[in-house]
Undergrad: 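After the structure tokens below, expect a handful of questions from me.
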Amino acid sequence: MAILLYRLGRGAFRRRRWVTLLWVAVLAVVGLGAMSAGEAGEDSDSMPGIESQQAFDLINERFPDAEAEGSSARIVLVAPDGRKVTATEYRAAIDTLVAEVADGPQVAAVSDPLEGTTVSEDASTAYATVTYKVTDDDVTDADRADLTKAVEEARHSGLTVEAGGDALEGEPSTGIGEFLGIGVAAVVLLVTFGSLAAAGLPLITAVLGVALTLTSIIALGGALGLSSTDSELAMMIGIAVGVDYALLVVSRYREERARGHHAQEAAGLAAGTAGSAVVFAGLTVVIALAGLSVIGVPSLTRMGLAAAGAVVFAVLITLTLVPALFGFWPDALLARRVREGTKPRPARRVRETGEWGARWARFVRRRPVPVLLGSVAVLGALAVPALDLRLGMPGDEAKPTSTTERRAYDALADGFGPGFNGPLTIVVDARQADDPRSAVTAVSKKVAGTGGVVSVSPPRFNAVKDTAIIQAVPSTAPTSERTKELVHTIRDERPATQAATGATFEVTGTTALNIDVAQKMTDALIPYLLVVVGLAFLLLLVVFRSVLVPLKAALGFLLSVGASFGALVTVFQNGHGAGLLGIDETGPIMSTMPLMLVGIVFGLAMDYQVFLVSRMREAFIHGEPPAEAVVTGFRHSGRVVTAAAVIMMAVFAGFMTGGETLLKMVGLGLALAVLFDAFVVRMAFVPAVLVLLGERAWWLPRRLDRLLPRVDVEGEALGRRAPAPALAARPGAEQQDPVRL
């Protein structure tokens with residue numbers, strides 16, 4: 001592996017113009033494909049394997065018009081204290097509101113809020129349902145603006161008027177995440193390298209990789225069913241790993257130049273050593289992201305594969321384009337004092353650049369037990385709240401009180417009860433019943449008599465009268481544990497009801513769907529961990545030729561992820577510090593968050609593992625004692641891992657600047673996971689364990705040693721190769737014609 005990548009790096013350096021033109025051509029071809037591609041497919045919320053999805057499919061089958069129904073919104077009207085919304089003084093304003101909303105070009109119908117069951121018992125609250133001719137994604141901003149304007153005008157009557165519903169869900173505010181990440185990356189790289197060229201090169205290559213990924217998603221969107229949503233995770237991961245991988249290779253190139261190697265040789269050595277670490281670090285990320293497909297959720301599968309594609313692009317660009325760009329600026333990548341000819345002795349130069357890391361490693365070497373116990377205690381304490389983890393899908397109740405959607409949600413809960421915002425949809429299949437109508441009535445009465453159900457709507461039959469839909473309103477909020485228990489109770493009583501009536505039923509609706517999704521994600525977490533951790537363990541076993549090092553890596557990862565889960569529960573579920581993030585209401589953790597967090601962070605954690613421990617193994621292979629090899633690894637890679645972690649944290653934290661609670665949850669979770677893994681696990685837990693293990697850390701059974709392939713990540717074979725041609729003696733030769741080295 002090391003020899004192959006060494007030759008690839010030297011070849012890319014020598015043929016830098018052709019390599020650069022090749023990547024430009026690839027970008028142009030993919031860009032043309034994206035321009036000629038059809039429209040991106042619509043986001044699919046399909047969740048196979050759960051009852052709620054099966055019930056939705058049954059509704060679409062038995063009620064063909066249901067699938068064609070458009071988006072909807074609710075206008076909530078609340079009278080001032082002591083008054084009734086049905087009072088004559090408000091009638092004109094309400095009629096005007098209904099007429100103005102109904103006049104919208106995409107509006108199909110608007111119900112009268114003062115008729116039927118749309119008025120609360122005390123007549124303080126009423127609501128109107130707005131039905132659109134188009135789906136949620138097709139509602140235009142102009143129609144949303146017309147609805148908002150009509151609501152604002154109706155408030156002049158003295159009524160409190162708010163609006164909510166899917167139709168109001170426009171594009172979420174994403175904040176300045178990408179710009180913040182790139183900005184922080186630029187500053188960190190400049191501080192790390194002290195050279196504009198060295199700082200700019202990783203940014204250029206990372207942006208190229210992200211551009212290739214995004215255009216590929218657009219070009220392949222129609223064929224593979226990809227959508228714009230799938231590009232969000234790919235962009236985030238692409239920026240992070242693209243910068244980090246190039247950072248590692250650039251750092252090694254500068255290190256080899258400081259040791260006296262000429263530019264082309266340094267490019268080859270950087271590709272053969274750091275490039276090997278990049279390959280296997282990238283493989284672990286790809287395994288973690290592609291492993292999301294084992295869960296069986298199409299949306300997660302697409303997101304994982306798209307992000308894995310971004311990682312593949314980042315690895316290929318790092319191994320080819322980065323060494324090629326070295327050839328254009330062989331000396332500009334070096335620190336100023338090196339370029340000006342005042343560089344110190346090579347050995348001293350290497351020590352100076354990583355002396356802070358070496359000092360920390362020596363501290364850990366002297367006190368491994370306190371450092372180990374301290375790191376485990378800190379992460380363990382942070383992980384304790386995760387024992388109370390509740391999964392769900394936050395809705396309008398999680399939005400800030402400054403939004404009309406949140407105020408509409410609260411008004412409906414106050415006027416009609418907390419369960420009104422999350423009714424259960426019950427689909428009754430009476431085809432096998434002797435009397436379908438009587439069977440549906442019996443099911444309706446059975447559900448209405450279940451504890452925790454406030455009311456049940458009249459059944460709505462399909463055209464052939466063999467299937468009906470019933471709405472049941474719980475007494476508790478959609479995210480309440482009691483609502484979850486109610487759904488399970490209704491389902492548990494189904495066999496007896498079926499035996500008595502001959503009809504069966506399924507429970508669905510947004511509330512039941514969120515409950516089922518949360519359960520599916522919980523059930524999938526352990527198998528996913530086993531698959532991903534198992535494959536990564538085998539990969540690290542090959543890379544480090546050790547049994548204990550991969551095991552230690554897995555244990556450290558579990559500590560950091562557990563602490564991240566605990567922090568999310570503390571903030572978003574228990575509310576401690578939520579106000580600092582602008583979160584007014586706490587609730588369950590997003591159902592897909594644990595799997596996303598595990599998948600993304602595991603891959604990135606293994607990046608740091610490979611970056612840091614590969615240098616330790618390299619020093620050990622070259623004859624250093626185990627404890628001293630730990631110090632050497634920190635001297636060479638500690639600063640790189642620190643810079644990489646800060647960049648990733650900035651990229652992830654940038655998503656917290658968006659207005660959506662879900663984006664803040666994703667951003668904080670990933671940023672904290674990187675913080676814990678890079679600065680507690682890799683900087684404290686890992687070196688302490690390696691110091692305590694000593695030579696046993698690199699133990700591998702002889703039989704297994706013979707079976708495993710040798711990949712030579714540490715570049716041992718490079719030390720046995722024939723020496724490269726010496727640098728030309730005339731001054732300035734390298735700057736004038738670096739190809740002829």
Side-chain angles (χ1 to χ4, degrees), residues 241 244-245 248 276-289 291 311 361 364 368 371-372 375-376 378-380 383 528-564 597-621 626 629-630 633-634 637-638 640-642 644-645 648 673-701 704 708 711 713-714:
V241 301
D244 285 358
Y245 294 167
L248 183 66
S276 298
V278 165
V279 169
F280 286 98
L283 279 176
T284 58
V285 182
V286 169
I287 288 173
L289 293 172
V311 176
V364 175
V371 171
L372 176 62
S375 61
V376 172
V378 169
L379 295 177
Y528 176 63
L529 273 173
L530 292 176
V531 170
V532 172
V533 174
L535 291 175
F537 180 88
L538 293 176
L539 184 64
L540 294 179
L541 184 68
V542 173
V543 172
F544 295 118
R545 308 196 69 77
S546 164
V547 174
L548 297 179
V549 168
L551 181 61
K552 174 231 4 137
L555 293 175
F557 158 75
L558 293 176
L559 283 172
S560 61
V561 168
S564 303
L597 190 68
V598 167
I600 296 171
V601 175
F602 183 82
L604 300 182
M606 294 306 105
D607 275 4
Y608 305 138
Q609 173 75 11
V610 174
F611 291 173
L612 189 61
V613 181
S614 62
R615 291 308 298 266
M616 297 178 186
R617 176 168 173 78
E618 180 179 342
F620 177 75
I621 290 296
V630 171
F634 267 87
S637 297
V640 174
V641 170
T642 300
M648 284 195 179
V674 172
L675 172 67
F676 296 148
D677 195 272
F679 293 102
V680 181
V681 172
R682 306 304 152 191
M683 296 293 178
F685 177 83
V686 167
V689 171
L690 290 178
V691 169
L692 289 173
L693 290 176
E695 291 189 4
R696 294 186 299 274
W698 310 107
W699 170 78
L700 185 69
L704 188 58
L708 292 178
V711 294
V713 175
E714 60 277 353

Undergrad: If only atom types and distance count, is the side chain of Tyr528 paired as donor or acceptor with the main-chain N or O of Ala288 below 3.5 Å?
TA: yes

Undergrad: Looking at every non-hydrogen atom in both residues, tell me the closest pair between Ala553 and Leu540 and how far apart they are.
TA: CB-CD1, 4.1 Å

Undergrad: If every non-hydrogen atom of Pro701 is compared with every non-hydrogen atom of Val547, which pair is closest and at what distance?
TA: CD-CG2, 3.9 Å

Undergrad: Classify the ring geometry of Phe557 against Phe602: parallel below 30°, tilted from 30° to 60°, perpendicular beyond 60°.
TA: perpendicular

Undergrad: Roughly how far apart are Phe634 CZ and Met683 CE, rounded to 0.5 Å?
TA: 5.5 Å

Undergrad: Taking C-beta and beyond as the side chain, do Phe537 and Leu551 meet within less than 4.5 Å on heavy atoms?
TA: yes

Undergrad: Minimum heavy-atom separation for Ala673 and Ser564, please, with both atom names.
TA: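 Shortest heavy-atom separation between Ala673 and Ser564 comes out as CA-OG, 3.0 Å.
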
Undergrad: Can you measure from OG (Ser560) to CG (Leu597) and round to the nearest 0.5 angstrom?
TA: 8.5 Å

Undergrad: Check step by step if side-chain contact (heavy atoms from CB on, under 4.5 Å) holds for Val681 and Gln609.
TA: CA-CA 10 Å; Val681 172; Gln609 173 75 11; over 6 Å; no

Undergrad: Just to verify, what does Leu535 make a side-chain contact (heavy atoms from CB on, under 4.5 Å) with, not counting sequence neighbours?
TA: Ile287, Val531

Undergrad: Val686 pairs by side-chain contact (heavy atoms from CB on, under 4.5 Å) with which of Val364, Leu372, Val613?
TA: Val613

Undergrad: State, yes or no, whether a side-chain contact exists between Val241 and Met648 at a heavy-atom distance under 4.5 Å.
TA: yes

Undergrad: Are Leu704 and Leu541 packed together at the side-chain level, in the sense that at least one heavy-atom pair is separated by less than 4.5 angstrom?
TA: yes

Undergrad: Show every salt bridge (Lys or Arg N to Asp or Glu O under 4.0 Å) that has at least one partner inside residues 676-690, sequence neighbours left out.
TA: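 Of all non-adjacent pairs touching residues 676-690, those that pass salt bridge (Lys or Arg N to Asp or Glu O under 4.0 Å) are Asp677-Arg682.
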
Undergrad: Rounded to the nearest 0.5 Å, how far apart are CZ of Arg545 and CD1 of Ile621?
TA: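 Output value for this atom pair is 9.5 Å.
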
Undergrad: With a 4.5 Å limit on heavy-atom distance, are the side chains of Val543 and Arg617 in contact?
TA: no

Undergrad: Is there a side-chain contact between Val278 and Leu248 in this structure, where contact means two heavy atoms from C-beta onward sitting under 4.5 Å apart?
TA: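 Of all side-chain heavy-atom pairs linking Leu248 with Val278, at least one is under 4.5 Å.
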
Undergrad: With rounding to the nearest 0.5 angstrom, report the CG to CZ distance, Leu700 to Phe544.
TA: 13.5 Å

Undergrad: Determine whether Thr642 and Phe679 make a side-chain contact, defined as any pair of heavy atoms from C-beta on separated by less than 4.5 Å.
TA: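 Counting from C-beta outward, Thr642 and Phe679 do come under 4.5 Å.
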
Undergrad: Is there side-chain contact between Val285 and Tyr245, with heavy atoms separated by less than 4.5 Å?
TA: yes

Undergrad: Give, for atom CG of Leu538 and atom CG of Leu708, the distance between the pair rounded to the nearest 0.5 Å.
TA: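 Atom-to-atom, Leu538:CG and Leu708:CG are 9.0 Å apart.
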
Undergrad: Say whether, by atom type as modelled, one donor and one acceptor occur between the side chain of Ser546 and the main chain of Ala697 under 3.5 angstrom.
TA: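 Looks like yes, one N/O pair under 3.5 Å.
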
